Structures are given as C-alpha cells and as structure tokens.
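Worth saying up front: this structure is predicted, and the values here are computed from it rather than measured.
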Amino acid sequence: MSRFDDMINGLRDEMDIPETVWRGYVRTLSELPEKNGKRNFSGGKKTEYGNRSRRRREAGSGMSLLKAAALVLISVTVIGSGVYAAEKYFGILDFLGGKENIETPLPVEAEDLIVPITEQEQEKTVNMEGIPVEYTIKEAMCDSDSIYVVLEAKAKEAGRYFFVPEDAIAEDPVLDWGVESDMSVEEYAASKNLEIKHVNAGIQNTDELGIGASAIYFQAVSDDVMDIMIECGKTKKEKTLDVVCTGILWDESMVDMEEIMRTEIRFTLTDISETVATAYVPSGAADVPGTGAVIEKAEVIQTELGTYVEILYRDESQDMSLMPCFRLMENEGEEHRIRMASGTERLAEGEYFWKLALEKMELGESITLEAYNAETKEVYGTFELIRE
C-alpha cells in the first residue's frame with residue numbers, strides 16, 4: 001500500500017482488478033464510506049494486444065439511500081500503439097474505442113452527445129500556490145443515467161516531471177498507461193532524470209448527482225501530460241448538471257493530507273439525450289426463491305448511449321446477505337454484457353430497485369431476468385417479464 005493510502009487513514013482501499021470483469025458486493029450501508037468519503041479500487045491489466053492497457057481505478061461513494069451495491073465495470077480498454085503528441089488529447093471516443101472494446105463500440109448516435117468544454121466554461125480553484133500541474137476539462141458526455149468526463153493533467157514546467165496514476169508504485173510497468181517502454185516507474189523516471197508525481201481526478205459532488213460508483217482511466221500523452229477519463233453511473237435524471245471535478249497531485253515527500261495539491265473545477269453539463277422508457281411486468285410467479293424478494297416490474301430506458309434496466313422489487317426480510325442481484329439473460333442463457341456500474345438502491349422501507357447499465361441493444365416483447373447472490377454465486381431463479 002502506498003504512502004498516500006496511509007495518509008488518508010483507511011478511507012481508500014486497493015485491490016487488483018481481475019482479468020475478467022470485477023464484481024464487488026457491499027452488504028450494508030455501514031460498510032460504505034461516510035458521505036463524501038471514497039473507497040477506491042485499482043489495478044492495471046495486461047492484454048493480448050502487446051500487454052498495453054490503461055490503468056483503471058474504481059471508486060464507490062456512499063449514498064444516503066444506498067444499502068448494497070454490486071459494481072460491475074467494463075474491462076480496461078486499449079487504444080493501441082504509440083502516444084500522441086502533447087497537443088492532442090485522448091477523448092471519450094479514444095478511451096471507449098480501444099481494441100478490447102471493438103465488439104461494442106460507442107453507438108454512432110451517441111457521438112453527438114460528446115461536447116467540448118471550453119476554458120471559459122470552467123471555474124477553477126486551487127488549494128495552494130505553486131501547484132506544478134494545470135488541470136483542464138477537455139470534453140464530457142451524459143445521458144439520463146451516465147456521465148463521462150475527460151480531464152487533462154499537464155505540467156506547467158515541461159521536462160521536469162513524470163506523471164503516473166495516483167496508486168502507481170515504483171515497480172509498476174509504465175506500459176500500464178500507454179508509455180512506450182518496458183521499464184518500471186522507478187527505472188523510467190531515473191533514466192530521464194524526472195521527478196515522479198502522482199495524478200488523479202474524480203467527481204466531487206457525487207451525492208448531488210446521484211453517483212454511486214465510478215471508474216477512472218489513465219492514458220499518458222507524454223511524460224508530463226496525463227489524460228484521465230471518469231465514467232459514472234447515476235440515479236438522478238436532471239437535464240442540467242452542475243458538475244464539480246477535483247484534480248489532485250502528490251509525491252512521496254508529502255506526509256499529510258494538507259500537502260496534497262488539488263484543483264477544483266466546476267462546469268455545467270446539459271443532458272441532450274432522448275429517453276424512451278418501456279415497462280415490463282412478471283408473466284408468472286415473481287417471488288425469488290430462498291430470499292424475501294418479490295419482483296414488481298422492470299423499466300427499460302433507452303438512450304443514444306445505452307440501455308438501462310431498472311428492476312423494482314419488494315423485500316421485507318431485512319437479511320442483506322440474501323438480497324438478490326439481477327442480470328439480463330440472452331436466449332442462449334448468456335448474460336448480456338454490462339457497460340457500467342450497477343447496484344441496488346433502497347427507495348423506501350422494503351422497496352428497492354436494481355439497476356443494470358448495458359451496451360446499447362434492442363429488447364423485444366419479453367425479457368428474462370436471472371436473480372443470483374453476488375457473494376456465493378448461487379442462482380436463485382429466472383423470471384420472464386413481458387412488455388406492459
């Protein structure tokens with residue numbers, strides 16, 4: 001665990017992301033961080049494409065109504081060989097259009113949702129003088145259920161620093177975030193006589209926007225320029241979003257939280273997507289065997305960006321260990337690929353909904369849900385729901 005993790009006294013945890021999709025299950029609200037706290041998970045992944053991948057970090061943020069969450073996030077994507085010149089940034093299409101994502105690229109119609117964020121649209125505040133990095137938001141995109149933001153961390157003085165992801169350690173291969181070298185962080189910085197600086201970014205006002213989890217991706221542009229994409233699922237569906245992003249920078253010489261350098265950036269993002277909702281109801285028995293859950297209905301929300309399934313169910317049992325997770329099954333019994341974070345939100349006493357964020361797809365007159373336990377992997381049963 002890095003010195004930074006020690007400094008924040010356990011508010012952040014680290015774990016490696018497996019080769020397949022990582023699933024985390026948080027049983028109760030007490031296991032989540034307090035309001036405005038964060039718990040982070042990170043890891044780099046080597047792929048068959050020349051062992052070149054972006055490092056990704058996930059963050060779950062406690063919500064007042066969130067009782068349990070299963071964070072299901074897409075595999076780390078790959079852009080390919082080479083690093084762009086410093087004047088070219090990696091945008092949302094670059095991050096989502098890598099080789100590992102080739103089978104499910106961003107829908108063409110969703111490209112119109114990507115908007116550049118000009119300097120004039122950004123209100124920046126830094127927490128101390130002399131911060132050696134300039135954070136700038138490059139572009140953003142949202143629909144009713146998702147937010148994407150790309151920021152760039154660029155050194156104010158060129159040729160002095162080597163930027164690495166916040167959780168990187170000296171032994172990490174720099175290939176993890178796209179640097180064309182077989183060296184480790186420590187070896188690469190020493191070979192160029194550069195100071196190692198750790199960078200990261202995130203969305204700060206998560207409760208206000210209804211964000212329960214996020215994935216953060218890193219891609220080097222040059223030694224001292226790093227592009228960072230934040231990917232979030234959200235539950236609040238306002239058309240105008242006041243987003244507060246935070247960029248941070250730290251190094252091994254810093255011994256307490258007050259020394260960490262931060263930039264706060266505020267901007268307004270407008271949801272210009274079109275949303276179509278369709279209701280589905282159980283065609284038969286809706287009791288989930290082995291649990292206290294009863295499925296009431298599901299709502300399928302279609303936007304240009306993705307397909308979202310929200311399953312409303314009752315559960316009076318209060319036994320969080322048995323609370324079901326849900327996935328959408330294909331006709332062959334295979335699970336549909338999940339594009340973003342999903343989880344359960346408590347609506348009221350005994351009332352919950354489970355949200356699935358999926359790749360863009362068209363659904364027919366019926367859908368098949370599978371209920372399962374995220375910890376034990378036990379399948380409780382399958383349920384057919386028909387269009388209402």
Side-chain angles (χ1 to χ4, degrees), residues 20-21 23 25 67-75 101 103-107 109-110 143-146 210 212-213 233-237 273-315 322-347 350-374 376-388:
T20 55
V21 180
R23 290 180 171 86
Y25 183 70
K67 294 298 291 183
L71 309 181
V72 189
L73 298 119
I74 60 174
S75 300
N101 223 25
E103 295 181 359
T104 55
L106 187 72
E109 58 270 26
D143 65 3
S144 60
D145 293 72
S146 303
K234 66 184 180 72
T235 57
K236 297 184 180 179
K237 303 182 187 296
S273 68
E274 294 186 4
T275 301
V276 177
T278 304
Y280 289 77
V281 295
S283 63
D287 299 78
V288 180
T291 77
V294 181
I295 300 172
E296 295 186 327
K297 67 176 181 178
E299 187 172 63
V300 174
I301 300 167
Q302 298 280 13
T303 75
E304 297 92 331
L305 178 56
T307 299
Y308 306 94
V309 182
E310 295 181 353
I311 302 122
L312 183 67
Y313 68 97
R314 299 193 314 275
D315 193 335
L322 297 177
M323 184 169 286
C325 304
F326 295 94
R327 51 195 170 212
L328 187 66
M329 308 303 292
E330 298 185 36
N331 292 333
E332 297 81 6
E334 297 182 358
E335 180 184 356
H336 281 288
R337 183 170 167 177
I338 293 178
R339 180 179 58 82
M340 284 275 306
S342 303
T344 293
E345 183 176 352
R346 178 186 172 196
L347 300 177
E351 290 282 341
Y352 302 89
F353 84 84
W354 179 270
K355 177 180 174 181
L356 289 170
L358 307 169
E359 62 191 36
K360 180 69 175 174
M361 65 183 67
E362 295 300 325
L363 301 176
E365 293 299 314
S366 67
I367 59 176
T368 301
L369 296 178
E370 184 174 81
Y372 67 99
N373 186 300
T376 67
K377 311 304 179 186
E378 176 187 359
V379 175
Y380 295 129
T382 59
F383 306 85
E384 181 187 44
L385 283 73
I386 58 176
R387 192 190 297 261
E388 193 173 34

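- Salt-bridge formation is detected for the pair K237/E310: a Lys NZ or Arg NE/NH1/NH2 atom is positioned less than 4.0 Å from an Asp or Glu carboxylate oxygen.
- A 4.5 Å side-chain heavy-atom check between L312 and L347 finds at least one atom pair inside the cut-off.
- In the model, T303 has a side-chain atom that pairs as donor or acceptor with a side-chain atom of D143 under 3.5 Å.
- Using a 4.5 Å heavy-atom threshold, the side chains of V309 and F326 count as separate.
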Walk me through it: do L305 and S273 pass the test side chain to side chain contact (heavy atoms under 4.5 Å, CB included)?
-> CA-CA 8 Å; L305 178 56; S273 68; over 6 Å; no
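- The two residues W354 and P324 come nearest to each other via the heavy atoms CE3-O, 4.2 Å.
- Although no hydrogens or angles enter the test, the distance criterion places a donor-acceptor pair under 3.5 Å between the side chain of E304 and the main chain of E274.
- You'll find the side chain of V300 stays beyond 4.5 Å of the side chain of M361, heavy atoms only.
- The shortest distance between side-chain heavy atoms of E299 and F353 does not fall below 4.5 Å.
- Side-chain contact between I386 and V281: present, with at least one pair of heavy atoms (C-beta onward) separated by less than 4.5 Å.
- Between S366 atom OG and R387 atom CZ the span is 9.5 Å, to the nearest 0.5 Å.
- Considering only heavy atoms from C-beta on, Y313 comes within 4.5 Å of M323 through its side chain.
- Y380 and V288 get closest at one heavy-atom pair: CB-CG1, 3.5 Å.
- In this structure, F383 and D287 approach most closely via the heavy-atom pair CE2-O, 3.4 Å.
- With a 4.5 Å cut-off on side-chain heavy atoms, K360 and Q302 count as touching.
- Atom-to-atom distance recorded for Y280:OH and T368:OG1 is 11.0 Å, nearest 0.5 angstrom.
- Between the K297 side chain and the L385 main chain, no donor and acceptor come within less than 3.5 Å of each other.
- Of all heavy-atom pairs between R327 and V379, the closest is NH2-CG2, 3.9 Å.
- Taking SG from C325 and CD from E370, the interatomic distance works out to 11.0 Å, rounded to the nearest 0.5 Å.
- Looking at R314 and E351, their side chains come closer than 4.5 Å, going by heavy atoms from C-beta outward.
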Residues T307, L328; criterion side chain to side chain contact (heavy atoms under 4.5 Å, CB included); working and verdict: CA-CA 11 Å; T307 299; L328 187 66; over 6 Å; no
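- Distance alone, capped at 3.5 Å, is enough to place a donor-acceptor pair between the S283 side chain and the E384 backbone.
- Note that the CG atom of L356 and the CG atom of L369 stand 7.5 Å from one another [nearest 0.5 Å].
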